[in-house]
Amino acid sequence: MPPASCPEYPVGLFCVGGPYVINVANWSPDESTKLERDNTNPYVFHFKGFLEHNQWGASEPGNFKILINARDWSEAFHPGETENNVLLTSALNTTLPIRFQGADNKWQLTTDGTNNGYWEFTVNTHDNTIKVDN
């Protein structure tokens with residue numbers, strides 16, 4: 001279940017991290033992508049966009065997480081039930097668990113750039129799942 005403190009996510013969800021951060025010292029919320037809220041279910045969000053293993057020197061160049069507010073790192077969704085980062089490709093053709101808060105693990109793109117490109121995935125904060133749609 002979503003956290004009781006923010007059940008409607010009035011700001012929305014944001015994909016943020018290494019694929020976007022150009023300058024870690026001066027990181028800006030503009031270096032993220034807002035997920036599109038589903039028209040029929042307020043707990044479902046869709047990401048459609050380009051992701052790449054960062055070439056600009058971010059501290060975690062291929063890692064990202066889902067934030068409730070792009071200006072606050074503290075409220076985030078992470079891969080579920082693991083302390084390790086999880087390759088985004090592992091959610092291809094399957095549904096993986098997500099969790100709110102806890103250990104700061106992230107979704108990850110491979111360092112060799114083979115996962116760079118256009119991605120579509122769906123985050124369901126009610127069922128606590130992520131599924132890669134393409």
Side-chain angles (χ1 to χ4, degrees):
M1 286 294 287
S5 62
C6 51
E8 296 179 13
Y9 308 107
V11 178
L13 295 184
F14 297 82
C15 182
V16 63
Y20 300 104
V21 178
I22 295 170
N23 184 341
V24 176
N26 296 310
W27 179 81
S28 162
D30 296 333
E31 296 176 34
S32 65
T33 295
K34 187 171 184 176
L35 279 68
E36 178 183 326
R37 189 185 303 262
D38 193 86
N39 291 330
T40 61
N41 186 336
Y43 295 103
V44 172
F45 297 84
H46 305 282
F47 174 89
K48 296 176 183 177
F50 188 82
L51 293 173
E52 69 176 302
H53 194 273
N54 191 332
Q55 304 299 310
W56 307 285
S59 61
E60 296 183 272
N63 300 342
F64 66 93
K65 57 186 171 182
I66 308 297
L67 299 182
I68 289 176
N69 179 340
R71 299 185 180 279
D72 184 358
W73 287 96
S74 68
E75 294 189 319
F77 287 96
H78 305 272
E81 308 306 324
T82 179
E83 297 299 317
N84 301 316
N85 293 336
V86 175
L87 281 173
L88 186 61
T89 54
S90 62
L92 200 61
N93 301 318
T94 189
T95 300
L96 291 183
I98 62 171
R99 66 181 160 71
F100 183 71
Q101 304 298 62
D104 192 24
N105 61 334
K106 300 167 185 74
W107 284 276
Q108 189 174 52
L109 301 171
T110 55
T111 58
D112 66 5
T114 56
N115 298 136
N116 292 354
Y118 182 79
W119 285 89
E120 292 184 9
F121 57 82
T122 298
V123 174
N124 184 323
T125 60
H126 183 73
D127 292 343
N128 290 321
T129 58
I130 185 171
K131 182 175 187 314
V132 175
D133 300 324
N134 63 337

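Computed from heavy atoms alone, side chains included, the values below leave out hydrogens, waters and symmetry copies.
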Strictly distance-based, threshold 3.5 Å: is any side-chain N or O of [X] a donor or acceptor partner for the main-chain N or O of [Y]?
| X | Y | answer |
| --- | --- | --- |
| Arg37 | Asn41 | no |
| Gln101 | Ala76 | yes |
| Asn105 | Thr82 | yes |
| Arg99 | Pro79 | yes |

How long is the gap from [atom1] on [X] to [atom2] on [Y], to the nearest 0.5 Å?
| X | Y | atom1 | atom2 | answer |
| --- | --- | --- | --- | --- |
| Thr110 | Asn116 | OG1 | CG | 7.0 Å |
| Leu92 | Asp133 | CG | CG | 9.5 Å |
| His78 | Asn85 | NE2 | CG | 10.5 Å |
| Gln108 | Asn63 | CD | CG | 4.5 Å |
| Phe14 | Ile68 | CZ | CD1 | 11.0 Å |
| Leu109 | Glu60 | CG | CD | 12.5 Å |

>> Between Leu87 and Leu96, is there shared hydrophobic-cluster membership here, with clusters defined by ILVMFWY side-chain heavy atoms closer than 4.5 Å?
In response: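 In one cluster with Leu87: Leu96, no.
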> Do you know the tightest heavy-atom contact between Tyr20 and Cys15?
Replying inline: CE1-O, 3.3 Å
> Of all heavy-atom pairs between Gly12 and Phe45, which one has the smallest distance, and what is that distance?
Replying inline: CA-CE2, 4.3 Å
Side chain to side chain, [X] and [Y], heavy atoms closer than 4.5 Å:
| X | Y | answer |
| --- | --- | --- |
| Val123 | Val44 | no |
| Phe121 | Ile66 | yes |
| Leu88 | Trp119 | yes |
| Trp107 | Thr89 | no |
| Ser32 | Leu67 | no |

List the atom pairs, donor and acceptor, that lie under 3.5 Å between side-chain atoms in residues 46-53 and the rest of the protein, sequence neighbours left out.
from: His46; atom 1: ND1; to: Thr122; atom 2: OG1; distance (Å): 3.0
from: His46; atom 1: NE2; to: Asp38; atom 2: OD1; distance (Å): 2.7

>> Between Glu75 and Phe100, is the side-chain contact (heavy atoms from CB on, under 4.5 Å) condition met? List the steps.
In response: CA-CA 7 Å; Glu75 294 189 319; Phe100 183 71; 3.9 Å; yes
> Which residues satisfy the side chain to side chain donor-acceptor pair (under 3.5 Å) test with Asp104, sequence neighbours excluded?
Replying inline: Lys65, Lys106
> Thr125 and Leu13: side-chain contact (heavy atoms from CB on, under 4.5 Å), yes or no, with the steps?
Replying inline: CA-CA 10 Å; Thr125 60; Leu13 295 184; 3.8 Å; yes
>> Walk me through whether Asp127 and Thr129 qualify under side chain to side chain donor-acceptor pair (under 3.5 Å).
In response: CA-CA 6 Å; Asp127 292 343; Thr129 58; 5.1 Å; no
